[in-house]
Amino acid sequence: MPNTASGQPTTTALIAEDEPLLAAALRAELAQAWPELRVLTTVGDGLNAVREALALRPDVLFFDIRMPGQSGLDAAAELADAWDMAAQPFPALVFVTAYDQYAVQAFEAQAMDYVLKPVQPARLAKTVQKLRSALVQPAPAAMQSAAKVSPHSPAIAPVSGPASSPIDAATAATLEQLRQLLAALPGGGAGPDASTPAPEPLRQLPVSQPGSNGNVVQMVPVQDVLLLQAADKYVRVVTAQGEHLVRTALKELLPQLDAAQFWQIHRSAAVRADAIDTVRRDDAGRLHLTLRGTPETLAVSRLYAGRFKGL
């Protein structure tokens, strides 16, 4: 935090909101509810939000959940992986959203702060109070939340290696909340229709047969898939026999698979859990894994490193 003229630290913030009038309204309400807060900049999309946050390193982020190009959730996930945790704890994170039943339910379930559009002063005042308390001292609840393990995230046996990069308990809790939100709101804010029963997980993937220019579709049994990796507009489907391409976004494909069978390890990659061979930590504290059946080494992002808590 920069200091004021009196020597007291000044809390800084960044607003990411694609609607200028709503961004101005939020900034004005923040000036009333938190006069000491200094808003460093306002941006209108997720890509610029990540870039400016890394450059300015604010203490608080207000991210619109739906923005052009990259959602607020995806921007926060990318930022979490790129943030230098050793230099500064990850910023306090508040999502801004128009009322959406599923988004609100997801935020409430994860105890994640959110602000509804249009901004309601009473609700914002409560958020500001929580932020001020959290910035002074991480709440015990955050420490307890950081210790929770997802039911689909069994621990891997410990592997020797250097100490992990420093991540405080509040940051660890935020990363876990964000991971759960990404799973609950894969469309970047649009939840499932509660009246529609969840479909059975896919058993086969329709992929383009190599060399057919998309004219021949081959059915690949899901049990043979080792790795799913986003590649431009496609997803690489890697098996022990080779690889294929499927023209479906990874975030649309993953909800159709068994979450206990396929673990997401990065925003752009998921692996079959029982194909994991080794997990190693590098000198910077980052995790990398290998799979049986393919020579590739894959990076595990901070957001999903909690799956391997034993390391």
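As a basis for the values below, the full set of heavy atoms in this structure was taken, side chains included, without hydrogen atoms, waters or symmetry mates. Fair warning: this is a prediction, and the values are worked out from it, not measured in the lab. Throughout, residue positions are numbered sequentially from 1 according to the sequence presented.
Hydrophobic cluster membership is shared by L54 and M85, with clusters built from Ile, Leu, Val, Met, Phe, Trp and Tyr side chains linked at under 4.5 angstrom. In the hydrophobic clustering of this structure, Y304 groups with L73; members are Ile, Leu, Val, Met, Phe, Trp, Tyr whose side-chain heavy atoms approach within less than 4.5 Å, directly or through other members. Criterion: ILVMFWY side-chain heavy atoms under 4.5 Å apart, direct or through other members. Under it, V271 and L205 are not part of a common hydrophobic cluster. Under the 4.5 Å side-chain heavy-atom criterion for grouping Ile, Leu, Val, Met, Phe, Trp and Tyr, V43 is connected to L93 within one hydrophobic cluster. In this structure, V222 is a member of the same hydrophobic cluster as V220, with clusters built from ILVMFWY side-chain heavy atoms closer than 4.5 Å.
Counting all heavy atoms, side chain and backbone alike, L37 lies closest to A13 at CD1-CB, 3.8 Å. In plain terms, the two heavy atoms of P89 and T171 that are nearest each other are CB-OG1, 4.1 Å. For the residue pair V50 and E78, the shortest heavy atom distance occurs at CG1-OE2, 3.8 Å. In terms of heavy atoms, A240 sits closest to L226 at N-CD1, 3.6 Å. The nearest pair of heavy atoms linking L175 to L303 is O-CD1, 3.4 Å. For A53 against L79, the heavy-atom pair with the smallest separation is CB-CD2, 3.7 Å.
The distance from the CG atom of L182 to the OG atom of S71 is 7.0 Å, given to the nearest 0.5 Å. Interatomic distance, OG of S301 versus CD1 of I265, reported as 8.0 Å (0.5 Å rounding). The distance from atom CZ of R286 to atom CG of D282, rounded to the nearest 0.5 Å, is 8.0 Å. Residue E36 holds its CD atom at 9.0 Å from OG1 of T10, rounded to the nearest 0.5 Å. We find the OG1-CG distance between T42 and L14 to be 7.0 Å, quoted to the nearest 0.5 Å. In this structure, L124 CG and K126 NZ are separated by 12.0 Å, a value rounded to the nearest 0.5 Å.
The backbone N or O of K233 sits nowhere less than 3.5 Å from a side-chain atom of R247 that would complete a donor-acceptor pair. A distance-only check finds no donor-acceptor pair linking the side chain of R27 to the backbone of L22 [under 3.5 Å]. Under a 3.5 Å cut-off, the side chain of Q264 and the backbone N or O of H266 do form a donor-acceptor pair. The main-chain N or O of Q129 is found under 3.5 Å from a side-chain atom of S133 such that the two form a donor-acceptor pair. In this structure a side-chain-to-backbone donor-acceptor pair under 3.5 Å is present from T12 to D59.
Taking the side chain as every heavy atom from C-beta outward, V94 and L61 never approach each other to under 4.5 Å. In this structure, the side chains of Q204 and Q223 stay at 4.5 Å or more apart for every pair of heavy atoms. P201 is not listed as a side-chain neighbour of L257, based on a closest heavy-atom distance of 4.5 Å or more. In this structure, the side chains of P206 and V217 come closer than 4.5 Å at one or more pairs of heavy atoms. Residues Y234 and L250 have side chains not in contact (no heavy-atom distance under 4.5 Å, counting atoms from C-beta outward). A heavy-atom distance below 4.5 Å is found between the side chains of V39 and I15. With contacts defined as side-chain heavy-atom distances shorter than 4.5 Å, the pair H244/Q218 qualifies. Counting heavy atoms from C-beta on, the side chains of L291 and D277 never come closer than 4.5 Å.
Side-chain contact check for T278 and T290: at least one donor-acceptor pair (N or O, by modelled atom type) lies under 3.5 Å.
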For this session: Apply the test side-chain contact (heavy atoms from CB on, under 4.5 Å) to residues L47 and M67: give CA-CA distance (whole Å), side-chain angles for both, the deciding distance (0.1 Å), then the verdict.
Result: CA-CA 9 Å; L47 295 176; M67 292 185 286; over 6 Å; no
For this session: Given side-chain hydrogen bond (donor to acceptor under 3.5 Å, both in side chains), test E29 with Q120 step by step and report yes or no.
Result: CA-CA 9 Å; E29 291 293 346; Q120 302 167 359; over 6 Å; no
Exercise. Run the side-chain contact (heavy atoms from CB on, under 4.5 Å) check on V238 and E296 step by step: do they pass?
Worked result: CA-CA 10 Å; V238 179; E296 298 187 50; 4.2 Å; yes
For this session: For side-chain contact (heavy atoms from CB on, under 4.5 Å), just list the numbers for L253 and L228, CA-CA rounded to whole Å, side-chain angles, deciding distance to a tenth of an Å, and then say yes or no.
Result: CA-CA 9 Å; L253 181 58; L228 296 165; 4.1 Å; yes
For this session: Apply side-chain contact (heavy atoms from CB on, under 4.5 Å) to the pair D18 and D45, showing each step before the final yes or no.
Result: CA-CA 6 Å; D18 66 317; D45 61 85; over 6 Å; no
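Put simply, the residue from E243, R272, R236 that forms a side-chain contact (heavy atoms from CB on, under 4.5 Å) with L227 is R236. Each of F107, F62, F63 was scored for a side-chain contact (heavy atoms from CB on, under 4.5 Å) with Y114, with one residue passing: F107.
Listed by chain and residue number, nothing satisfies the ring-ring contact (aromatic ring centres under 6.0 Å, His included) test with F262 (two or more places apart in sequence, or in another chain).
Salt-bridge formation is detected for the pair D113/K130: a Lys NZ or Arg NE/NH1/NH2 atom is positioned less than 4.0 Å from an Asp or Glu carboxylate oxygen. E19 has no carboxylate O lying under 4.0 Å from a charged side-chain N of R66, or vice versa, which leaves the two without a salt bridge. For K117 and D64, the salt-bridge test passes: some basic side-chain N is under 4.0 Å from an acidic carboxylate O.
The side-chain tip of R302 does not point at the ring of W83 from less than 6.0 angstrom away and within 45° of straight on.
Shown here is R292, whose CZ atom has more than 12 heavy atoms of other residues, nucleotides or ligands within 6.0 Å.
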